[in-house]
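These notes concern the structure reproduced below.
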Amino acid sequence: MTELSFKPTTVASDIEQTSRPSLSYWQDAFIRLVANKRAITSLVVIILLIIFAFIAPHVFWTIKHDVQNLDRTSEPPWINRKAMVLPDQDDWQDVHVAAAIGEHRAPTVLEVVGEPTTSRVRLKWEPVPNAYGYRIYRNIVEPSEDTPLGLSMGVNEAGTHVSFEDRLAIRQKPYWYSVVALDEDGTEFEAAKTINVRPQLAITVSEALTLTKADNVQPGDTVSLFWHPLGTDYLGRDMLARLMKGAQVSLTIGIVAPLLFMILGIIIGSVSGYFGGMVDAGLMRFTDFVIALPFLLFMILFKLLFVPSGDTENWMSNFQEWLGIEGGMLAMVVALVLLSWPGIARLVRGEVLKIREQGYVEASKLLGAPNSWLIGRHMIPNTMGVVLVSFTFAVPATIFTEAFLSFIGMGVVPPTPSWGSMCNDGIRTMEMYPHELLFPALFISITVLAFNLLGDGLRDALDARMRSRE
């Protein structure tokens, strides 16, 4: 028989060395997440949005979101902020002349008196022979033979009254004023005289002391008004301040509501999956029932309960006021929590059904571990990967839901702004002032995209199968 001899390996270089230290599941997931540039960029964007919503209004931009300035409505960000100062009392005497004699015709002379401003535009013209009055029109486009003269601003009933002062919602944009003579029956003569006017921004002396940093101003001076970086809305409210307040509302609902219904879904799903049997069947049938409930209908019912109509108040409105919650937010959060947990409950139940069959769970049972320990120590922690990913996808979905409900008037109650309600307001003036719709829609898109990309990154980082492929 041949004797076999074995030589033990004692040389250190012959021993297989580990190429890298062993990493835990969460350490490996963190490394993968950091290596994902899109996910990290999205995380930075989300952090900046949180700073924009909750820190910037108190530190960087302290203008109130509900302060109105009806003299500066729907101003775009690029508008000129230089304003001419006018006296507080700026009376003007109408121009009257002797009646002219001759043939019917249009005024041959139409001119602006003084400097046209956003406070007033003054016009005077040459009298028309045999005219019993004049009608004045204003248009934002140049009139032609195929287009009307514009908005009728008034009628001078006396043929000798050849002046007009316009003070109706004048903006910093070109206007075309037209004057046409009238006969004794009020019928317009065929021809009209038109002049193009571009008013300059103007404020009074008293307004200059409150709307600028100037301490001493005189009529005729030029001052710079406070800056609105993103313009103003249709009520003259600062768009940047309203976007910050809207970010508070949208992010609060978008984070708090998913957090609460995630907790509820985790509890129900864990209990259902662990105990099984009648408990599982009962909870899953209740889950199916909640899924079948119409969300929009229940949102309307919750709004009627939480937001009383008219001047009436109930205990719920007093409770919200005591909590300092904006109108409509509590109703939306409660509706989202009560109707959105079934999805995460089903997901957690499926994970628990797999985990409860693992050997370490059986070992814990043999050692006498109670059910609460098994669920809290083994079941829930091992589902955190899928729960975290689901949470990052639930946040943008909730933000979009809040924006949609506010857009159709079923969300946050005005004057509290949200991005959805701001989009609804912006649609009314979209053609002339697109910035009122563009900015809130852009913030909704950026927020939803950032959370979705972060969710994609977390899903790739927490997927154990990705680790085995490398």
Side-chain angles (χ1 to χ4, degrees), residues 23-54 246-270 291 295 332-333 336-337 339-352 354-355 379-405 418-420 440-470:
L23 297 176
S24 68
Y25 171 76
W26 291 104
Q27 288 174 332
D28 182 71
F30 177 75
I31 293 175
R32 293 177 183 279
L33 180 64
V34 172
N36 190 326
K37 295 182 179 179
R38 289 186 303 177
I40 293 300
T41 303
S42 301
L43 181 60
V44 172
V45 171
I46 293 171
I47 294 174
L48 291 177
L49 284 171
I50 293 174
I51 295 174
F52 175 81
F54 299 100
Q248 292 181 19
V249 173
S250 297
L251 290 178
T252 299
I253 295 176
I255 294 175
V256 172
L259 184 63
L260 294 178
F261 72 68
M262 283 282 174
I263 294 174
L264 183 59
I266 290 171
I267 295 174
I268 295 176
S270 300
I291 292 176
F295 176 79
M332 189 174 298
V333 170
L336 288 168
V337 171
L339 300 176
S340 302
W341 59 264
I344 190 65
R346 284 182 164 184
L347 183 63
V348 171
R349 172 183 175 270
E351 292 294 318
V352 170
K354 293 188 297 184
I355 295 171
M379 302 299 173
I380 294 179
N382 284 285
T383 61
M384 282 297 102
V386 293
V387 168
L388 187 59
V389 173
S390 299
F391 176 77
T392 56
F393 284 117
V395 170
T398 304
I399 291 175
F400 190 80
T401 301
E402 180 275 328
F404 167 73
L405 292 174
S418 76
W419 290 338
L442 185 63
F443 271 87
I444 293 174
S445 302
I446 291 175
T447 305
V448 171
L449 179 63
F451 274 103
N452 278 320
L453 291 178
L454 179 60
D456 287 336
L458 285 173
R459 181 185 57 195
D460 295 339
L462 296 172
D463 190 351
R465 292 173 296 180
M466 297 291 294
R467 186 175 185 178
S468 62
R469 293 173 187 171
E470 295 184 355

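- For S418, the side chain to side chain donor-acceptor pair (under 3.5 Å) partners two or more places apart in sequence, or in a different chain, are E402, S406, S421.
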Under 3.5 Å, sequence neighbours excluded: what are the donor-acceptor pairs made by side chains of residues 385-399?
from : atom 1 : to   : atom 2 : distance (Å)
S390 : OG     : V386 : O      : 2.8
T392 : OG1    : V389 : O      : 2.6
T398 : OG1    : A394 : O      : 2.8

Donor-acceptor contacts under 3.5 Å from residues 339-347 side chains, at least two apart:
from : atom 1 : to   : atom 2 : distance (Å)
S340 : OG     : L336 : O      : 2.8
W341 : NE1    : L338 : O      : 3.1
R346 : NH2    : D288 : OD1    : 2.4

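- Q248 places no side-chain N or O within 3.5 Å of a backbone atom of F54 that could act as its donor or acceptor partner.
- Closest heavy-atom contact between A39 and L33: CB-CD1, 3.7 Å.
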Under the side-chain contact (heavy atoms from CB on, under 4.5 Å) criterion, do L251 and T447 qualify, and how do the steps go?
-> CA-CA 9 Å; L251 290 178; T447 305; 4.1 Å; yes
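- Scanning for side chain to side chain donor-acceptor pair (under 3.5 Å) contacts around D456 gives R459, with sequence neighbours left out.
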Pairs of donor and acceptor atoms involving the side chains of residues 40-52, under 3.5 Å and at least two apart or interchain, shall be tabulated with distances.
from : atom 1 : to  : atom 2 : distance (Å)
T41  : OG1    : K37 : O      : 2.8
S42  : OG     : R38 : O      : 2.8

Distance-only check: which donor-acceptor pairs under 3.5 Å involve side-chain atoms of residues 258-267, not counting sequence neighbours?
none

